[in-house]
Amino acid sequence: TVKGASTVSYTTKALDSGTTYYFRVRAYKTVSGTDYNGANSAVKSKKTSGKAATAKKGDIIKFGKYDWRVLDVKDGKALIITDKVIGARSDNSGVYGGGWHWENSILREYLNDGFYNSFGKKDRTRIIKTKVSNKVIPWYNESDRNDTEDYIFLLSLDEVVKYFGDSGQLLNGNPNSEFGISDEYNKARIAYTLNGSTSDWWLRTGGYYHGEAAHVQDDGIVDTLGYYLFGYHGVRPAMWITL
């Protein structure tokens, strides 16, 4: 509201950089406590100077009620993962049915339903539905699983290696392949709970044993044999969002 019949300009501040804003004005008159408005003017636009807000790899950003670590940035989009383990959950889907697949995982259902819908409407419009690859661990000689389309997912073994440090063990085979991956990047893979204690965390890649899934241990070692899914492990959701 701009007061004064002689006022012909208005300046607003605290706007985002590199963003186009649209304005229109109308006259009004207050009579006996009631505002009567004239017609709206034509719309005028103005772009603020500077670059739009963005993020780079390694940044910690706020999205929803959690802090998220930026793992990758491409074409105005960012891959993010919760900086902390947000809780522990089990997933006993397929434990007694001869194998576990991310495609029919209870954790996948939870992340794309209850967790997804915990975000506000505006934030949900920024979450990108993503084609998720579900390759198996190469040295176990199994068939790759079906790809899925998810708003929110867990990282795969390939993605953990790609974004937390690659010593070549996944590509070239691991001398300790019956167990998993232990290398100079163990420390980078260590995750903490919201209370500050170390925690293991689930991956979406199936383990060697049917009915178990690979996970990162609380010391940062990747256990590819797997952990039984009716046990409780930490959850670090990941997603692509628009910046």
Side-chain angles (χ1 to χ4, degrees), residues 14-21 47-87 89 102-103 105 107-135 147-167 170-171 181 185-194 199-205 213-216 220 222 233-243:
L15 303 179
D16 292 332
S17 299
T19 304
T20 301
Y21 289 86
K47 184 174 183 178
T48 54
S49 61
K51 295 183 178 179
T54 187
K56 63 181 183 299
K57 294 179 184 180
D59 284 352
I60 303 297
I61 64 173
K62 192 78 173 180
F63 186 70
K65 63 179 181 179
Y66 296 109
D67 290 331
W68 300 74
R69 184 184 303 180
V70 179
L71 298 179
D72 202 355
V73 177
K74 293 179 181 178
D75 303 323
K77 301 176 292 184
L79 174 62
I80 60 176
I81 185 173
T82 51
D83 187 47
K84 308 284 187 184
V85 168
I86 64 170
R89 297 184 73 91
W102 174 249
E103 182 180 13
S105 162
L107 268 173
R108 177 180 177 238
E109 181 181 353
Y110 159 70
L111 291 175
N112 287 277
D113 185 4
F115 187 74
Y116 172 77
N117 286 300
S118 70
F119 291 89
K121 183 177 180 180
K122 185 176 180 181
D123 284 339
R124 289 199 303 272
T125 63
R126 295 179 59 193
I127 302 174
I128 302 168
K129 196 171 190 178
T130 303
K131 185 176 181 180
V132 170
S133 173
N134 293 301
K135 295 181 179 180
D147 292 343
T148 55
E149 290 190 347
D150 300 320
Y151 288 106
I152 305 173
F153 46 89
L154 303 179
L155 291 188
S156 67
L157 176 60
D158 298 74
E159 289 165 340
V160 166
V161 166
K162 179 178 179 179
Y163 295 116
F164 287 85
D166 185 2
S167 61
L170 179 61
L171 178 63
I181 295 176
Y185 299 107
N186 288 351
K187 185 175 180 181
R189 293 189 292 261
I190 293 175
Y192 296 85
T193 67
L194 298 173
S199 173
D200 41 29
W201 45 291
W202 288 119
L203 303 179
R204 71 171 188 269
T205 304
H215 67 282
V216 179
V222 183
H233 266 8
V235 177
R236 295 182 74 183
M239 66 179 87
W240 282 92
I241 63 170
T242 55
L243 294 173

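For the single chain, residues carry numbers from 1 onward in sequence order.
In terms of the ring pair (Phe, Tyr, Trp, His ring centres under 6.0 Å) criterion, Trp102 has no residue partners (sequence neighbours excluded).
In terms of modelled atom types and a separation under 3.5 Å, the side chain of Trp202 and the main chain of Arg89 share a donor-acceptor contact. Checked by atom type and distance alone, the side chain of Asp123 never pairs as donor or acceptor with a backbone atom of Gly120 at under 3.5 Å. When atom types are taken as modelled, the side chain of Arg236 and the backbone of Val85 share no donor-acceptor pair closer than 3.5 angstrom.
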inquiry  = Applying side chain to side chain contact (heavy atoms under 4.5 Å, CB included) to Leu203 and Leu154, what does each step give before you reach the verdict?
reply    = CA-CA 6 Å; Leu203 303 179; Leu154 303 179; 5.8 Å; no
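Between Lys57 and Asp72 there is a side-chain heavy-atom pair separated by less than 4.5 Å. Using a 4.5 Å heavy-atom cutoff, the side chains of Val160 and Thr205 are not in contact. In this structure, Leu155 and Phe164 have side chains that are in contact, with non-hydrogen atoms separated by less than 4.5 Å. Using a 4.5 Å heavy-atom threshold, the side chains of Ile81 and Tyr163 count as separate. Using a 4.5 Å heavy-atom threshold, the side chains of Ile181 and Arg189 count as touching. Val73 is listed as a side-chain neighbour of Leu243, based on a closest heavy-atom distance under 4.5 Å.
Taking all atoms of both residues into account, the shortest heavy-atom contact from Ile241 to Ile128 is C-CD1, 3.7 Å. Closest heavy-atom contact between Val70 and Ala55: CG2-CB, 4.1 Å. A pairwise comparison of heavy atoms in Phe119 and Arg124 identifies O-NH1, 2.7 Å as the closest pair. The minimum heavy-atom distance linking Ser199 with Gly234 is given by the pair OG-CA, 4.0 Å. Across Thr193 and Lys84, no two heavy atoms sit closer than the pair O-CD, 3.8 Å.
In this structure, Ile86 CD1 and Asp67 CG are separated by 12.0 Å, a value rounded to the nearest 0.5 Å. Here the straight-line distance linking atom CG of Asp75 with atom CH2 of Trp240 works out to 9.0 Å at 0.5 Å rounding. With values rounded to the nearest 0.5 angstrom, Trp201 atom CH2 is found 11.5 Å from His215 atom NE2.
A salt bridge between Asp150 and Lys129 is absent, with no side-chain N of the basic residue lying under 4.0 Å from a carboxylate O of the acidic one.
Classified by interplanar angle (parallel below 30°, tilted 30° to 60°, perpendicular above 60°), the ring pair Trp68/Phe63 is perpendicular.
Screening residues 153-165 for salt bridge (Lys or Arg N to Asp or Glu O under 4.0 Å), with sequence neighbours left out, gives Glu159-Arg204.
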Name the atoms and distances for all side-chain donor-acceptor pairs under 3.5 Å in residues 109-116, with sequence neighbours left out.
from: Asn112; atom 1: OD1; to: Tyr151; atom 2: N; distance (Å): 2.7
from: Asn112; atom 1: OD1; to: Ile152; atom 2: N; distance (Å): 3.1
from: Asn112; atom 1: ND2; to: Arg108; atom 2: O; distance (Å): 3.0
from: Asn112; atom 1: ND2; to: Ile152; atom 2: O; distance (Å): 2.9
from: Asp113; atom 1: OD1; to: Asn117; atom 2: ND2; distance (Å): 3.3

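With Asp147 as the partner, the side chain to side chain contact (heavy atoms under 4.5 Å, CB included) test is satisfied by one option alone out of Lys135, Lys131, Glu103: Lys131.
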